[in-house]
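Naming: A, B, ... by sequence-line order, numbering from 1 per chain.
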There are 2 protein chains.
Amino acid sequence: MTLSAPEDAPLKLRDRIENEILTGDMPPGFRLDEVTLATRFGVSRTPIREALFQLASAGLIEIRPRRGAVVAEVGPERLVQMFEVMAGLEGMAGRLAARRHTDADRRSLTDAHEACRRAAETGDADAYYYENERFHHAIYAASRNAFLIDQCAALHRRLKPYRRIQLQVKNRVANSLAEHEAIVAAILNLDGDAAERLLRDHIVIQGDRFSDLMASMSERAGSTAAKGR
Amino acid sequence: MTLSAPEDAPLKLRDRIENEILTGDMPPGFRLDEVTLATRFGVSRTPIREALFQLASAGLIEIRPRRGAVVAEVGPERLVQMFEVMAGLEGMAGRLAARRHTDADRRSLTDAHEACRRAAETGDADAYYYENERFHHAIYAASRNAFLIDQCAALHRRLKPYRRIQLQVKNRVANSLAEHEAIVAAILNLDGDAAERLLRDHIVIQGDRFSDLMASMSERAGSTAAKGR
DNA sequence: GCTCCATTTCTTGTATACAAGAACGGTTGA
DNA sequence: TCAACCGTTCTTGTATACAAGAAATGGAGC
(Lines give C-alpha, C1' and ligand atoms only; values in the text may rest on other atoms or scores of the structure.)
Protein backbone atom coordinates (compact mmCIF):
# COMPACT_ATOMS: atom_id res chain seq x y z
CA MET A 1 0.00 0.00 0.00
CA THR A 2 1.35 3.37 -0.97
CA LEU A 3 -0.08 6.69 0.06
CA SER A 4 1.34 9.16 -2.40
CA ALA A 5 3.49 8.74 -5.46
CA PRO A 6 6.13 11.41 -6.00
CA GLU A 7 9.24 10.39 -7.89
CA ASP A 8 9.75 7.36 -5.69
CA ALA A 9 13.19 6.57 -7.03
CA PRO A 10 15.40 8.48 -4.57
CA LEU A 11 13.09 8.14 -1.55
CA LYS A 12 14.90 8.97 1.63
CA LEU A 13 15.10 6.48 4.42
CA ARG A 14 13.12 8.67 6.75
CA ASP A 15 10.23 8.85 4.30
CA ARG A 16 10.22 5.13 3.68
CA ILE A 17 9.80 4.41 7.37
CA GLU A 18 7.32 7.24 7.71
CA ASN A 19 5.22 5.77 4.94
CA GLU A 20 5.11 2.39 6.60
CA ILE A 21 3.87 4.06 9.74
CA LEU A 22 1.30 6.24 8.01
CA THR A 23 -0.06 3.37 5.95
CA GLY A 24 -0.38 1.23 9.03
CA ASP A 25 2.17 -1.36 7.97
CA MET A 26 3.83 -0.50 11.22
CA PRO A 27 0.90 -0.12 13.60
CA PRO A 28 0.94 1.93 16.80
CA GLY A 29 3.04 0.23 19.44
CA PHE A 30 5.17 -1.50 16.82
CA ARG A 31 8.72 -1.97 18.00
CA LEU A 32 11.34 -0.37 15.75
CA ASP A 33 14.45 -2.41 16.19
CA GLU A 34 17.52 -0.69 14.79
CA VAL A 35 19.36 -3.74 13.51
CA THR A 36 16.23 -5.21 11.99
CA LEU A 37 15.52 -2.00 10.13
CA ALA A 38 19.16 -1.69 9.15
CA THR A 39 19.32 -5.13 7.57
CA ARG A 40 15.91 -4.66 5.99
CA PHE A 41 16.91 -1.43 4.26
CA GLY A 42 20.43 -2.64 3.57
CA VAL A 43 22.23 0.09 5.50
CA SER A 44 24.00 0.36 8.81
CA ARG A 45 22.42 1.44 12.06
CA THR A 46 23.72 5.00 11.80
CA PRO A 47 21.38 6.32 9.10
CA ILE A 48 18.52 4.37 10.67
CA ARG A 49 19.08 6.16 13.94
CA GLU A 50 19.08 9.51 12.19
CA ALA A 51 15.76 8.72 10.56
CA LEU A 52 14.31 7.58 13.86
CA PHE A 53 15.31 10.81 15.58
CA GLN A 54 13.63 12.81 12.87
CA LEU A 55 10.46 10.76 13.14
CA ALA A 56 10.51 11.23 16.89
CA SER A 57 10.71 15.00 16.43
CA ALA A 58 7.72 14.79 14.13
CA GLY A 59 5.86 12.92 16.85
CA LEU A 60 5.33 9.79 14.80
CA ILE A 61 7.41 7.56 17.00
CA GLU A 62 8.45 7.62 20.60
CA ILE A 63 12.02 7.02 21.70
CA ARG A 64 12.44 5.91 25.26
CA PRO A 65 16.08 6.28 26.27
CA ARG A 66 17.93 2.98 26.25
CA ARG A 67 14.65 1.22 25.61
CA GLY A 68 14.22 1.64 21.91
CA ALA A 69 11.65 3.24 19.66
CA VAL A 70 8.01 2.35 19.09
CA VAL A 71 5.39 3.76 16.78
CA ALA A 72 3.49 6.38 18.78
CA GLU A 73 0.12 5.33 20.05
CA VAL A 74 -2.38 8.05 19.31
CA GLY A 75 -5.32 7.39 21.56
CA PRO A 76 -8.78 8.73 20.77
CA GLU A 77 -8.23 11.69 23.07
CA ARG A 78 -5.06 12.88 21.42
CA LEU A 79 -6.52 12.25 17.99
CA VAL A 80 -9.45 14.54 18.76
CA GLN A 81 -7.01 17.15 20.01
CA MET A 82 -5.00 16.93 16.82
CA PHE A 83 -8.09 17.34 14.68
CA GLU A 84 -9.13 20.27 16.82
CA VAL A 85 -5.80 22.00 16.16
CA MET A 86 -6.01 21.07 12.49
CA ALA A 87 -9.43 22.72 12.37
CA GLY A 88 -8.00 25.85 13.93
CA LEU A 89 -5.09 26.00 11.54
CA GLU A 90 -7.24 25.37 8.48
CA GLY A 91 -9.68 28.00 9.61
CA MET A 92 -6.85 30.44 9.95
CA ALA A 93 -5.52 29.53 6.52
CA GLY A 94 -8.99 30.06 5.08
CA ARG A 95 -9.36 33.46 6.67
CA LEU A 96 -6.01 34.59 5.33
CA ALA A 97 -6.68 33.02 1.94
CA ALA A 98 -9.88 35.00 1.61
CA ARG A 99 -8.11 38.29 1.82
CA ARG A 100 -4.73 37.47 0.30
CA HIS A 101 -5.23 35.00 -2.52
CA THR A 102 -3.78 35.84 -5.91
CA ASP A 103 -5.28 35.10 -9.29
CA ALA A 104 -3.15 31.99 -9.52
CA ASP A 105 -4.41 30.82 -6.10
CA ARG A 106 -7.97 31.43 -7.22
CA ARG A 107 -7.40 29.29 -10.25
CA SER A 108 -5.70 26.37 -8.50
CA LEU A 109 -8.43 26.44 -5.86
CA THR A 110 -11.27 26.22 -8.36
CA ASP A 111 -9.34 23.64 -10.38
CA ALA A 112 -8.89 21.46 -7.32
CA HIS A 113 -12.53 21.87 -6.43
CA GLU A 114 -13.63 20.83 -9.89
CA ALA A 115 -11.37 17.79 -9.68
CA CYS A 116 -13.02 16.89 -6.39
CA ARG A 117 -16.43 17.18 -7.99
CA ARG A 118 -15.46 14.89 -10.84
CA ALA A 119 -14.02 12.32 -8.45
CA ALA A 120 -17.15 12.47 -6.33
CA GLU A 121 -19.40 12.01 -9.37
CA THR A 122 -17.53 8.93 -10.51
CA GLY A 123 -17.80 7.62 -6.98
CA ASP A 124 -14.10 6.86 -6.84
CA ALA A 125 -13.31 7.28 -3.14
CA ASP A 126 -9.56 6.94 -3.64
CA ALA A 127 -9.55 9.61 -6.32
CA TYR A 128 -11.61 11.89 -4.08
CA TYR A 129 -9.17 11.30 -1.26
CA TYR A 130 -6.33 12.46 -3.47
CA GLU A 131 -8.12 15.48 -4.94
CA ASN A 132 -9.42 16.47 -1.54
CA GLU A 133 -5.82 16.69 -0.40
CA ARG A 134 -4.98 18.89 -3.34
CA PHE A 135 -7.94 21.12 -2.49
CA HIS A 136 -6.81 21.66 1.06
CA HIS A 137 -3.25 22.34 0.03
CA ALA A 138 -4.55 24.93 -2.40
CA ILE A 139 -6.17 26.72 0.53
CA TYR A 140 -2.99 26.55 2.56
CA ALA A 141 -1.04 28.01 -0.34
CA ALA A 142 -3.54 30.82 -0.80
CA SER A 143 -2.95 31.93 2.79
CA ARG A 144 0.36 33.33 1.53
CA ASN A 145 2.01 32.48 4.83
CA ALA A 146 4.83 30.04 4.17
CA PHE A 147 5.18 29.10 7.81
CA LEU A 148 1.48 28.40 8.16
CA ILE A 149 1.61 26.34 4.98
CA ASP A 150 4.39 24.23 6.48
CA GLN A 151 2.52 23.72 9.73
CA CYS A 152 -0.72 22.81 8.00
CA ALA A 153 1.00 20.42 5.62
CA ALA A 154 2.87 18.71 8.45
CA LEU A 155 -0.22 18.15 10.57
CA HIS A 156 -2.29 17.21 7.54
CA ARG A 157 0.29 14.57 6.75
CA ARG A 158 0.22 13.19 10.23
CA LEU A 159 -3.54 12.91 10.15
CA LYS A 160 -3.55 11.25 6.75
CA PRO A 161 -4.47 7.74 7.84
CA TYR A 162 -7.34 8.91 9.99
CA ARG A 163 -8.62 11.25 7.33
CA ARG A 164 -8.77 8.31 4.98
CA ILE A 165 -10.94 6.41 7.41
CA GLN A 166 -13.08 9.47 7.87
CA LEU A 167 -13.94 9.49 4.18
CA GLN A 168 -15.23 5.94 4.40
CA VAL A 169 -17.98 7.13 6.69
CA LYS A 170 -21.36 6.99 4.98
CA ASN A 171 -22.21 9.98 2.81
CA ARG A 172 -19.06 11.74 3.83
CA VAL A 173 -17.90 12.37 0.28
CA ALA A 174 -21.14 14.09 -0.74
CA ASN A 175 -21.20 16.21 2.40
CA SER A 176 -17.54 17.05 2.05
CA LEU A 177 -18.03 18.27 -1.49
CA ALA A 178 -20.97 20.47 -0.52
CA GLU A 179 -18.86 22.01 2.22
CA HIS A 180 -16.05 22.62 -0.24
CA GLU A 181 -18.49 24.47 -2.44
CA ALA A 182 -19.34 26.90 0.34
CA ILE A 183 -15.70 27.31 1.30
CA VAL A 184 -14.67 28.19 -2.22
CA ALA A 185 -17.48 30.71 -2.45
CA ALA A 186 -16.46 32.36 0.80
CA ILE A 187 -12.84 32.66 -0.24
CA LEU A 188 -13.66 34.00 -3.70
CA ASN A 189 -16.05 36.51 -2.09
CA LEU A 190 -13.20 37.63 0.18
CA ASP A 191 -15.29 36.70 3.21
CA GLY A 192 -12.60 35.71 5.67
CA ASP A 193 -14.90 35.16 8.65
CA ALA A 194 -17.11 32.78 6.70
CA ALA A 195 -14.14 30.92 5.24
CA GLU A 196 -12.71 30.44 8.70
CA ARG A 197 -15.95 29.23 10.21
CA LEU A 198 -16.77 26.90 7.32
CA LEU A 199 -13.31 25.35 7.31
CA ARG A 200 -13.35 24.87 11.04
CA ASP A 201 -16.66 23.05 10.83
CA HIS A 202 -15.45 21.10 7.83
CA ILE A 203 -12.56 19.63 9.78
CA VAL A 204 -13.91 19.36 13.25
CA ILE A 205 -15.05 16.02 14.46
CA GLN A 206 -18.11 16.01 16.62
CA GLY A 207 -21.31 14.21 17.29
CA ASP A 208 -22.12 11.36 14.95
CA ARG A 209 -19.14 11.89 12.78
CA PHE A 210 -16.84 11.45 15.73
CA SER A 211 -18.52 8.29 16.90
CA ASP A 212 -18.29 6.89 13.40
CA LEU A 213 -14.61 7.60 13.21
CA MET A 214 -13.96 6.02 16.56
CA ALA A 215 -15.91 2.95 15.53
CA SER A 216 -13.87 2.62 12.33
CA MET A 217 -10.71 3.02 14.33
CA SER A 218 -11.43 0.28 16.82
CA GLU A 219 -12.38 -2.12 14.02
CA ARG A 220 -9.13 -1.33 12.35
CA ALA A 221 -7.17 -1.69 15.58
CA GLY A 222 -8.53 -5.20 15.90
CA SER A 223 -7.34 -6.20 12.46
CA THR A 224 -3.82 -4.84 12.79
CA ALA A 225 -3.15 -5.44 16.44
CA ALA A 226 -0.33 -7.63 17.71
CA LYS A 227 1.78 -7.10 14.63
CA GLY A 228 4.30 -5.58 16.99
CA ARG A 229 5.15 -7.41 20.12
CA MET B 1 23.38 34.52 29.08
CA THR B 2 20.82 31.92 29.99
CA LEU B 3 17.20 31.94 28.96
CA SER B 4 15.49 29.65 31.39
CA ALA B 5 16.71 27.83 34.44
CA PRO B 6 15.30 24.33 34.90
CA GLU B 7 17.44 21.84 36.76
CA ASP B 8 20.40 22.58 34.54
CA ALA B 9 22.50 19.71 35.80
CA PRO B 10 21.69 16.95 33.29
CA LEU B 11 21.08 19.22 30.31
CA LYS B 12 20.94 17.27 27.09
CA LEU B 13 23.25 18.08 24.25
CA ARG B 14 20.41 19.11 22.01
CA ASP B 15 19.19 21.66 24.55
CA ARG B 16 22.65 23.09 25.11
CA ILE B 17 23.05 23.83 21.42
CA GLU B 18 19.48 25.03 21.21
CA ASN B 19 20.11 27.47 24.01
CA GLU B 20 23.15 28.92 22.30
CA ILE B 21 21.04 29.49 19.21
CA LEU B 22 18.07 30.98 21.06
CA THR B 23 20.25 33.29 23.11
CA GLY B 24 22.04 34.49 20.02
CA ASP B 25 25.44 33.10 20.96
CA MET B 26 25.20 31.30 17.65
CA PRO B 27 23.67 33.92 15.38
CA PRO B 28 21.71 33.15 12.22
CA GLY B 29 24.01 31.92 9.49
CA PHE B 30 26.49 30.55 12.02
CA ARG B 31 28.24 27.48 10.73
CA LEU B 32 27.81 24.41 12.91
CA ASP B 33 30.89 22.33 12.34
CA GLU B 34 30.52 18.82 13.66
CA VAL B 35 34.07 18.27 14.82
CA THR B 36 34.27 21.69 16.43
CA LEU B 37 31.07 21.08 18.37
CA ALA B 38 32.23 17.57 19.23
CA THR B 39 35.49 18.74 20.76
CA ARG B 40 33.80 21.68 22.45
CA PHE B 41 31.26 19.47 24.19
CA GLY B 42 33.74 16.68 24.76
CA VAL B 43 31.87 14.01 22.82
CA SER B 44 32.21 12.34 19.46
CA ARG B 45 30.50 13.44 16.27
CA THR B 46 27.74 10.87 16.57
CA PRO B 47 25.69 12.45 19.36
CA ILE B 48 26.35 15.87 17.84
CA ARG B 49 24.82 14.74 14.59
CA GLU B 50 21.80 13.40 16.40
CA ALA B 51 21.28 16.72 18.12
CA LEU B 52 21.68 18.58 14.84
CA PHE B 53 19.03 16.46 13.16
CA GLN B 54 16.62 17.18 15.94
CA LEU B 55 17.30 20.90 15.74
CA ALA B 56 16.77 20.75 12.00
CA SER B 57 13.39 19.09 12.52
CA ALA B 58 12.48 21.88 14.91
CA GLY B 59 13.44 24.38 12.23
CA LEU B 60 16.18 26.02 14.23
CA ILE B 61 18.98 25.02 11.93
CA GLU B 62 19.21 24.11 8.29
CA ILE B 63 21.10 21.06 7.05
CA ARG B 64 22.19 21.17 3.45
CA PRO B 65 23.23 17.68 2.35
CA ARG B 66 26.99 17.27 2.24
CA ARG B 67 27.36 20.97 2.95
CA GLY B 68 26.92 21.13 6.68
CA ALA B 69 24.51 22.81 9.04
CA VAL B 70 23.96 26.49 9.72
CA VAL B 71 21.72 28.33 12.15
CA ALA B 72 18.52 29.12 10.26
CA GLU B 73 18.19 32.65 9.05
CA VAL B 74 14.75 33.89 9.94
CA GLY B 75 14.21 36.89 7.76
CA PRO B 76 11.65 39.57 8.61
CA GLU B 77 9.10 37.94 6.35
CA ARG B 78 9.25 34.54 7.95
CA LEU B 79 9.33 36.09 11.39
CA VAL B 80 6.10 37.92 10.71
CA GLN B 81 4.59 34.70 9.45
CA MET B 82 5.62 32.89 12.60
CA PHE B 83 4.11 35.56 14.80
CA GLU B 84 0.97 35.41 12.71
CA VAL B 85 0.65 31.69 13.35
CA MET B 86 1.49 32.18 17.02
CA ALA B 87 -1.33 34.72 17.20
CA GLY B 88 -3.71 32.22 15.65
CA LEU B 89 -2.70 29.44 18.00
CA GLU B 90 -2.88 31.63 21.08
CA GLY B 91 -6.26 32.92 20.01
CA MET B 92 -7.44 29.35 19.66
CA ALA B 93 -6.04 28.44 23.06
CA GLY B 94 -7.82 31.44 24.55
CA ARG B 95 -11.13 30.51 23.00
CA LEU B 96 -10.87 26.95 24.31
CA ALA B 97 -9.62 28.13 27.68
CA ALA B 98 -12.67 30.35 28.09
CA ARG B 99 -15.05 27.44 27.90
CA ARG B 100 -12.97 24.62 29.35
CA HIS B 101 -10.84 25.98 32.14
CA THR B 102 -11.01 24.30 35.51
CA ASP B 103 -10.85 25.94 38.91
CA ALA B 104 -7.14 25.15 39.05
CA ASP B 105 -6.61 26.79 35.66
CA ARG B 106 -8.51 29.85 36.84
CA ARG B 107 -6.26 30.10 39.85
CA SER B 108 -2.95 29.68 38.02
CA LEU B 109 -4.08 32.18 35.44
CA THR B 110 -4.92 34.86 37.97
CA ASP B 111 -1.77 34.05 39.93
CA ALA B 112 0.37 34.49 36.84
CA HIS B 113 -1.42 37.70 36.01
CA GLU B 114 -0.82 39.07 39.50
CA ALA B 115 2.85 38.15 39.22
CA CYS B 116 2.99 40.07 35.94
CA ARG B 117 1.45 43.08 37.60
CA ARG B 118 3.98 43.03 40.43
CA ALA B 119 6.87 42.70 37.98
CA ALA B 120 5.51 45.57 35.91
CA GLU B 121 5.11 47.77 38.98
CA THR B 122 8.69 47.21 40.09
CA GLY B 123 9.75 48.01 36.52
CA ASP B 124 11.85 44.86 36.30
CA ALA B 125 11.71 44.02 32.60
CA ASP B 126 13.45 40.67 33.05
CA ALA B 127 11.02 39.63 35.73
CA TYR B 128 8.11 40.68 33.56
CA TYR B 129 9.54 38.69 30.70
CA TYR B 130 9.59 35.61 32.86
CA GLU B 131 6.14 36.09 34.39
CA ASN B 132 4.67 36.92 31.01
CA GLU B 133 5.83 33.54 29.85
CA ARG B 134 4.15 31.89 32.79
CA PHE B 135 0.96 33.78 32.00
CA HIS B 136 0.84 32.56 28.44
CA HIS B 137 1.58 29.01 29.42
CA ALA B 138 -1.27 29.21 31.90
CA ILE B 139 -3.58 30.04 29.01
CA TYR B 140 -2.25 27.18 26.93
CA ALA B 141 -2.81 24.80 29.83
CA ALA B 142 -6.36 26.05 30.35
CA SER B 143 -7.22 25.09 26.77
CA ARG B 144 -7.22 21.48 28.00
CA ASN B 145 -5.86 20.32 24.65
CA ALA B 146 -2.52 18.64 25.24
CA PHE B 147 -1.59 18.72 21.58
CA LEU B 148 -2.36 22.41 21.28
CA ILE B 149 -0.36 23.04 24.44
CA ASP B 150 2.63 21.30 22.87
CA GLN B 151 2.33 23.25 19.64
CA CYS B 152 1.98 26.58 21.42
CA ALA B 153 4.89 25.87 23.73
CA ALA B 154 7.13 24.85 20.85
CA LEU B 155 6.42 27.92 18.79
CA HIS B 156 6.56 30.16 21.83
CA ARG B 157 9.99 28.77 22.56
CA ARG B 158 11.20 29.42 19.04
CA LEU B 159 10.02 32.99 19.21
CA LYS B 160 11.59 33.59 22.58
CA PRO B 161 14.48 35.80 21.47
CA TYR B 162 12.27 38.04 19.39
CA ARG B 163 9.66 38.32 22.11
CA ARG B 164 12.37 39.51 24.42
CA ILE B 165 13.28 42.29 22.01
CA GLN B 166 9.62 43.11 21.65
CA LEU B 167 9.35 43.85 25.34
CA GLN B 168 12.13 46.39 25.09
CA VAL B 169 9.93 48.51 22.87
CA LYS B 170 8.81 51.67 24.66
CA ASN B 171 5.73 51.30 26.86
CA ARG B 172 5.31 47.72 25.77
CA VAL B 173 5.21 46.37 29.31
CA ALA B 174 2.40 48.69 30.41
CA ASN B 175 0.37 47.98 27.29
CA SER B 176 0.99 44.27 27.59
CA LEU B 177 -0.27 44.22 31.16
CA ALA B 178 -3.43 46.10 30.23
CA GLU B 179 -4.10 43.59 27.49
CA HIS B 180 -3.54 40.72 29.91
CA GLU B 181 -6.15 42.26 32.17
CA ALA B 182 -8.77 42.15 29.43
CA ILE B 183 -7.77 38.63 28.40
CA VAL B 184 -8.14 37.31 31.93
CA ALA B 185 -11.52 38.96 32.24
CA ALA B 186 -12.72 37.41 28.97
CA ILE B 187 -11.60 33.95 29.97
CA LEU B 188 -13.08 34.15 33.45
CA ASN B 189 -16.34 35.41 31.92
CA LEU B 190 -16.35 32.40 29.63
CA ASP B 191 -16.34 34.71 26.62
CA GLY B 192 -14.42 32.63 24.09
CA ASP B 193 -14.84 35.01 21.16
CA ALA B 194 -13.45 37.94 23.12
CA ALA B 195 -10.57 35.88 24.49
CA GLU B 196 -9.65 34.77 21.00
CA ARG B 197 -9.79 38.25 19.54
CA LEU B 198 -7.90 39.85 22.41
CA LEU B 199 -5.14 37.27 22.34
CA ARG B 200 -4.77 37.53 18.60
CA ASP B 201 -4.36 41.27 18.86
CA HIS B 202 -2.06 40.86 21.83
CA ILE B 203 0.39 38.79 19.81
CA VAL B 204 0.06 40.19 16.36
CA ILE B 205 2.72 42.53 15.15
CA GLN B 206 1.60 45.37 13.01
CA GLY B 207 2.06 49.05 12.40
CA ASP B 208 4.42 50.85 14.71
CA ARG B 209 5.07 47.86 16.83
CA PHE B 210 6.30 45.92 13.84
CA SER B 211 8.60 48.70 12.69
CA ASP B 212 10.04 48.99 16.17
CA LEU B 213 10.74 45.28 16.31
CA MET B 214 12.43 45.32 12.93
CA ALA B 215 14.56 48.27 13.99
CA SER B 216 15.67 46.46 17.15
CA MET B 217 16.45 43.40 15.09
CA SER B 218 18.71 45.12 12.61
CA GLU B 219 20.59 46.84 15.42
CA ARG B 220 21.11 43.52 17.04
CA ALA B 221 22.15 41.89 13.80
CA GLY B 222 24.87 44.49 13.47
CA SER B 223 26.33 43.66 16.86
CA THR B 224 26.38 39.90 16.40
CA ALA B 225 27.14 39.65 12.72
CA ALA B 226 30.22 37.96 11.35
CA LYS B 227 30.56 35.67 14.32
CA GLY B 228 30.01 32.86 11.90
CA ARG B 229 32.01 32.80 8.71
C1' DG C 1 5.03 -24.37 42.51
C1' DC C 2 6.20 -19.64 42.91
C1' DT C 3 9.28 -15.82 43.60
C1' DC C 4 13.48 -13.50 43.74
C1' DC C 5 18.09 -12.88 42.35
C1' DA C 6 22.20 -13.55 39.47
C1' DT C 7 24.04 -14.29 35.06
C1' DT C 8 23.67 -14.05 30.30
C1' DT C 9 22.17 -12.04 26.16
C1' DC C 10 20.54 -8.47 23.53
C1' DT C 11 19.83 -3.58 22.42
C1' DT C 12 20.99 0.93 22.52
C1' DG C 13 24.48 4.74 22.98
C1' DT C 14 29.06 6.36 21.76
C1' DA C 15 33.52 6.38 19.59
C1' DT C 16 36.37 5.64 15.75
C1' DA C 17 37.65 4.35 11.01
C1' DC C 18 36.90 4.83 6.30
C1' DA C 19 34.79 6.64 1.92
C1' DA C 20 33.09 10.19 -0.98
C1' DG C 21 31.69 14.71 -2.16
C1' DA C 22 32.64 19.77 -1.67
C1' DA C 23 35.57 23.70 -0.93
C1' DC C 24 40.07 25.59 -1.49
C1' DG C 25 44.40 26.81 -3.57
C1' DG C 26 47.93 26.68 -6.78
C1' DT C 27 49.53 26.31 -11.29
C1' DT C 28 49.21 26.98 -16.20
C1' DG C 29 47.59 29.07 -20.13
C1' DA C 30 45.85 32.93 -22.71
C1' DT D 1 46.21 40.09 -14.89
C1' DC D 2 42.61 37.04 -15.01
C1' DA D 3 40.39 32.71 -15.68
C1' DA D 4 40.06 27.86 -15.88
C1' DC D 5 41.60 23.35 -14.54
C1' DC D 6 43.58 19.98 -11.56
C1' DG D 7 45.09 18.28 -7.16
C1' DT D 8 44.92 18.75 -2.19
C1' DT D 9 42.48 19.20 2.01
C1' DC D 10 38.64 19.39 4.74
C1' DT D 11 33.91 18.03 5.96
C1' DT D 12 30.19 15.21 5.83
C1' DG D 13 28.00 10.50 5.32
C1' DT D 14 28.31 5.65 6.44
C1' DA D 15 30.06 1.49 8.50
C1' DT D 16 31.93 -0.93 12.23
C1' DA D 17 33.75 -1.68 16.90
C1' DC D 18 33.15 -1.21 21.63
C1' DA D 19 30.79 -0.01 26.10
C1' DA D 20 26.96 0.18 29.11
C1' DG D 21 22.31 -0.40 30.41
C1' DA D 22 18.00 -3.20 30.02
C1' DA D 23 15.53 -7.40 29.23
C1' DA D 24 15.49 -12.37 29.40
C1' DT D 25 16.65 -16.65 31.33
C1' DG D 26 17.93 -19.96 34.49
C1' DG D 27 18.66 -21.52 39.07
C1' DA D 28 18.22 -21.41 44.00
C1' DG D 29 15.53 -20.64 48.00
C1' DC D 30 11.12 -20.49 50.24
Chemist: Assign each of A/Pro65 and B/Pro65 to its nearest nucleotide of DNA chain D by heavy atoms, then name whichever residue's nucleotide is nearer the 5' end.
Modeler: B/Pro65
Chemist: Within this structure, what is the CZ-to-P distance between B/Arg31 and D/dC10, rounded to whole angstrom?
Modeler: 13 Å
Chemist: So which of residues 36-51 of chain A are in contact with DNA chain C, with a heavy-atom cut-off of under 4.0 Å?
Modeler: A/Arg45, A/Arg49
Chemist: Excluding sequence neighbours, so at least two apart, what forms salt bridge (Lys or Arg N to Asp or Glu O under 4.0 Å) with B/Glu131?
Modeler: B/Arg134
Chemist: Using atom CD of A/Glu34 as one end and atom C1' of D/dA15 as the other, report the distance to the nearest whole Å.
Modeler: 14 Å
Chemist: Holding to side-chain contact (heavy atoms from CB on, under 4.5 Å), I want the full list of residues that pass it with A/Ala141, two or more places apart in sequence or in another chain.
Modeler: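 Here no residue qualifies.
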Chemist: Let's see if you can work this out: which of C/dT12, C/dA22, D/dT11 has an atom nearest to the side-chain heavy atoms of A/Arg66?
Modeler: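 Shortest atom-to-atom distance from the side chain points to C/dT12.
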Chemist: Let's see if you get this right: which residues in residues 52-63 of chain B place a heavy atom under 4.0 Å from DNA chain C?
Modeler: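 Contacting residues: none.
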Chemist: Does OP1 or OP2 of C/dA23 have a side-chain N or O of B/Arg67 closer than 4.0 Å?
Modeler: yes
Chemist: Return the set of residues passing ring pair (Phe, Tyr, Trp, His ring centres under 6.0 Å) with A/His137 (not counting sequence neighbours), or none when no residue passes.
Modeler: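 For A/His137 the ring pair (Phe, Tyr, Trp, His ring centres under 6.0 Å) partners, ignoring immediate neighbours, are A/Tyr140, A/His156.
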Chemist: According to salt bridge (Lys or Arg N to Asp or Glu O under 4.0 Å), who are the partners of B/Asp15, at least two apart in sequence or on a separate chain?
Modeler: none
Chemist: Please enumerate all residues that pass side-chain contact (heavy atoms from CB on, under 4.5 Å) together with B/Ala154, with sequence neighbours excluded.
Modeler: none
Chemist: Identify, with sequence neighbours excluded, every residue that meets salt bridge (Lys or Arg N to Asp or Glu O under 4.0 Å) alongside B/Arg67.
Modeler: none
Chemist: Do you see a donor-acceptor pair shorter than 3.5 Å between the side chains of A/His136 and A/Glu90?
Modeler: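 A donor-acceptor contact under 3.5 Å links the two side chains.
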Chemist: Apply salt bridge (Lys or Arg N to Asp or Glu O under 4.0 Å) to A/Arg78 and list each qualifying residue two or more places apart in sequence or on a separate chain.
Modeler: B/Asp150
